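In this text the structure is predicted, and so the values were computed from the model without any measurement. Per chain, numbering begins at 1; letters A, B, ... match sequence-line order.
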Amino acid sequence: MKEEVRLMKGNEAIAHAAIRYGCDGYFGYPITPQSEVLETLEELMPWETTGMVVLQAESEVAAINMVYGGAASGKAVMTSSSSPGVSLKQEGISYIAAASLPALILNVMRGGPGLGTIQPSQADYFQATKGGGHGDYHLIVLAPSTVQEMVDFVGLGFDLAFKYTNPAMILADGIVGQMMEKVVLPEQRPRRTEEEIRRQCPWAADGRKGGRKRNVVTSLELESSRMEEINHVLQARYREIEKNETRWEEIDVEGADYLIVAFGSIARICTKAKELAAEKGIKVGIVRPITLWPFPTEAIARAAEGKKGILCVELNAGQMIEDVRLAVHDNLPVEHFGRLGGIIPSPDEVVKALEEKIIR
Amino acid sequence: MEIQDIIRPENKVYSAPELLDQNVHMHYCPGCSHGVIHKLLAEVIAEMGLAEKTVGVSPVGCAVFAYNYIDVDWVEAAHGRAPAVATAISRLWPEDVVFTYQGDGDMSAIGTAESIHAANRGENIVMVFVNNAIYGMTGGQMAPTTLVGQKTATTPYGRRVDLNGHPLEITNLMAILDGTCYVTRQSVHTPANVRKTKAALKKAFQNALDKKGTSVVEVVATCNSGWKMSPEKANEWMAEHMFAKYPLGDLKDVK
Amino acid sequence: MKEEIIIAGFGGQGVLSMGKILAYSGLMDDKEVTWMPSYGPEQRGGTANVTVILSDERISSPVLDSFDNVIALNQQSLDKFAPKVKPGGILIYDTNGIHNHPKRDDITIYPIDAMGATLELGNSKAYNMVVMGALLEAMNYKLPMENVIKGLKKSLPERHHKLIPLNEQAIEKGRALLKK
């Protein structure tokens, strides 16, 4: 398949991107607002073309454990869900991280807690960036703000996951999942051959091919000193990821008096708010974290220099703001603005919040 | 006669299976059935020439360390999730033979959904189910398969139906699913039964190679330390009580 | 060039698919486009709306407070979105079933009988294309018809391509409503 320009929903785009980036397997369970991922894959029947496996599992729990199994055998595998379903996946995600396996997980966030609502939210920031499951681990967390980034981050997510043998998560919100935009689908990347998989993943449990020593994928180690050593290895990898893979976007930060920090589609609403504020003579810059973990701490600290205040705009009750405050050490006022329950703030509301909470 | 005359190759009547790792000590209690079942698996995989195309999925439970003993590739699954893990490996590596090794907690309590659905989809995998009617690893608590009246750490006065429900015959449930091709219940408490279990495992692995669907081999087993009995007494108790609820033999064998 | 548009009406009036055809037509004309629906159960029988933005530049927010063009296809939508037309902007609404007509003199208002025009065509499914025709005629941005046809082809599944001439006819009918 050649590169192609299309109009599509973020969720559909994820399915196309998975096939085109040479994904080996997708395992999922329907949940609004991301069921189009599985629906689109079933409609496209990639097993007839690239050989990609697609399976509707009996639960989110089964789906993530299928991902664990597929990843343990060296394959490029993924799952997708929305908030309540991602909560169910946390056990498996912890195992995947502990066993140092590459995998891709998409969360199209909806409002919670509990069964909540099916409308957009960003309330799983803590869950995605601070662990979610048990134990000391981190996911590489990518936050797309456009349908194009939904596509691009499937490729980037797999690349980073394999580079660091660590699971990656695309943390999207219902807006990028459900909206349609112009998108450039990449040219078909061939799936890796069995030879390539063995070269790339010498640790994979794929059946002792060629009579090699047995591979065991496990997260169990009862000997405490060895378990501590495993943890040190993970932590060293996280420091490496922090050093190399922190990504963010800055819009008109220089010369601005105020900063807005926002991620995902909300950053776009804030960009519109920035334009509206400019009409009133208020100069605002935007910092959009692209990786939520590793968090662009230094970039935000730098961007905050000489500013009068920061507004954190999130579709939650104040989660990322904790990381922003840590980044700027109380050197300037940092306030939160967010809507809850699936309500999307309008650009006007953001300007009003900026005026009321920061400018005063 | 000198020892050297006795240990000549032509006198050899038995050798440890080549796929059973001789460099590690098994952690199982003396008298435990797991050791025998491991040995049979190691023999069957070697005899069928599958060492370089088999992936085992070990459970949470006493057999969690199965990967230390049998010399094939292994993935250690979260509690109950082995059939989901095996599903993915089997689908992504269709030339491989994938088996799960699960206890009664793994198969019939926490992993009931994964087990039933993998079997119902007819995944080309072998599910080895070791039913000793107790949770061995965590210290002898009630399992779904614990018999009525049986004493465990969490049923200290014996299992009561009004409090704990009925023993679960998960294998019978598996047998009625269209996805299973072979469902059998065996034991390893006598040499004859050991031979039958080995034949059952062979058939199950052959079914996976032939892509016939899911094979379930239940092995009714003892947990002498959990049951607080000598190994010999445990075998007797099993034959007397367990086989009444879990009778041996094939439940399904699709030709 | 930038056109910020909201199309609002009842679920089942073809609001979302009209938005999609409009967005795809813009894409065929080399524009940046976004299509942002209100989604969920409210689509079924309740009110539905979709925000479509067509622009030469990268589009920031897909969610807006005010619009260059508002298309309202029932009273609820008219009440909600008529105040959100930017001064100098355009409001198009179907007069069928409307009892409270908008009163603003800082915008251009086009009351149209889209339902009547659709009935003349003899196919009620063409309703949303009649409405789109009116919008294409009214909008400052003149989307070339050849790209609208391309947009239709891209949006409709192959099996419905035989309906494209009917859709084209409906669009012309809608354009004519404004020329009256």
Worksheet item: Are side-chain heavy atoms of B/Val85 and A/Tyr95 found at a separation under 4.5 Å?
Response: no
Discussion item. Whether A/Arg214 and B/Asp73 form a salt bridge (side-chain N of Lys/Arg under 4.0 Å from carboxylate O of Asp/Glu) is what I want to check.
Written reply: no
Worksheet item: Given a strict heavy-atom distance threshold of 4.5 Å, which part of B/Ile116 is in contact with chain A: side chain, backbone, both, or neither?
Response: neither
Fill in: Heavy-atom contact with chain A under 4.5 Å, split by part of B/Val97
neither
Worksheet entry | Contact origin within A/Ile64 toward chain B - heavy atom pairs under 4.5 Å | neither
Worksheet item: Should we say atom CG of B/Asp178 is surrounded by more than 12 heavy atoms from elsewhere, each under 6.0 Å from it?
Response: no
Discussion item. I'd like to know whether NZ of B/Lys228 has more than 12 heavy-atom contacts from other residues, nucleotides or ligands below 6.0 angstrom.
Written reply: no
Practice prompt. Among the options A/Val53, A/Val77, A/Leu55, A/Leu222, pick out the one with the most heavy-atom pairs lying under 4.5 Å from chain B.
Written response: A/Leu55
Worksheet entry | Candidate pair A/Glu91 and B/Arg81, rule salt bridge (charged side-chain N to carboxylate O under 4.0 Å, His left out), full reasoning | CA-CA 11 Å; A/Glu91 174 199 42; B/Arg81 316 300 174 219; 3.5 Å; yes
Worksheet item: Are there more than 12 heavy atoms of other residues, nucleotides or ligands under 6.0 Å from atom CG of A/Asp136?
Response: no
Discussion item. Minimum heavy-atom separation for A/Asn65 and B/Ala78, please, with both atom names.
Written reply: OD1-CB, 4.0 Å
Item to complete: Report the option among A/Met52, A/Lys213, A/Arg208 that has the most heavy-atom pairs separated by less than 4.5 Å from atoms of chain B.
Response: A/Arg208
Item to complete: Under 4.5 Å heavy-atom distance to chain A, tell me which part of B/Leu19 shows up: side chain, backbone, both or neither.
Response: side chain
Worksheet item: Do you know which of B/Glu114, B/Glu76, B/Glu52 has the most heavy-atom pairs under 4.5 Å to chain A?
Response: B/Glu52
Item to complete: Could you have a look at B/Asp71, B/Ile89, B/Thr87, B/Thr54 and say which one has the most heavy-atom pairs with chain A under 4.5 angstrom?
Response: B/Asp71
Worksheet entry | Shortest non-hydrogen contact between A/Ala72 and B/Val75, atoms and distance | CB-CG2, 3.6 Å
Worksheet item: Should B/Asn120 and A/Glu58 count as side-chain neighbours, where that means a heavy-atom distance under 4.5 Å?
Response: no
Discussion item. Please give me the minimum heavy-atom distance between B/Leu92 and A/Asp24, naming the atom from each residue.
Written reply: CD2-O, 3.3 Å
Worksheet item: Does atom CD of B/Gln22 have more than 12 heavy-atom neighbours, drawn from other residues, nucleotides or ligands, at distances under 6.0 Å?
Response: yes
Response to the item:
Closest non-hydrogen contact found for A/Ala62 with B/Ala84 is O-CB, 3.6 Å
Worksheet item: Charged N to carboxylate O below 4.0 Å: is that the case for A/Lys209 and B/Asp96?
Response: yes
Worksheet entry | Residue part contacting chain B, namely of A/Ile197, when any heavy atom lies under 4.5 Å | side chain
Practice prompt. Taking atom OH of A/Tyr29 as the centre, report whether more than 12 heavy atoms of other residues, nucleotides or ligands fall under 6.0 Å from it.
Written response: no
Fill in: Side chain, backbone, both or neither of A/Ala204 within contact of chain B (heavy atoms, under 4.5 Å)
backbone
Worksheet item: What do you reckon, is CD of A/Glu43 surrounded by more than 12 foreign heavy atoms closer than 6.0 Å?
Response: no
Discussion item. Keeping B/Trp74 on the side-chain end and A/Asn215 on the backbone end, is there a donor-acceptor pair under 3.5 Å?
Written reply: no
Fill in: Nearest heavy atoms of A/Gly70 and B/Ala88, plus distance in Å
N-CB, 3.7 Å
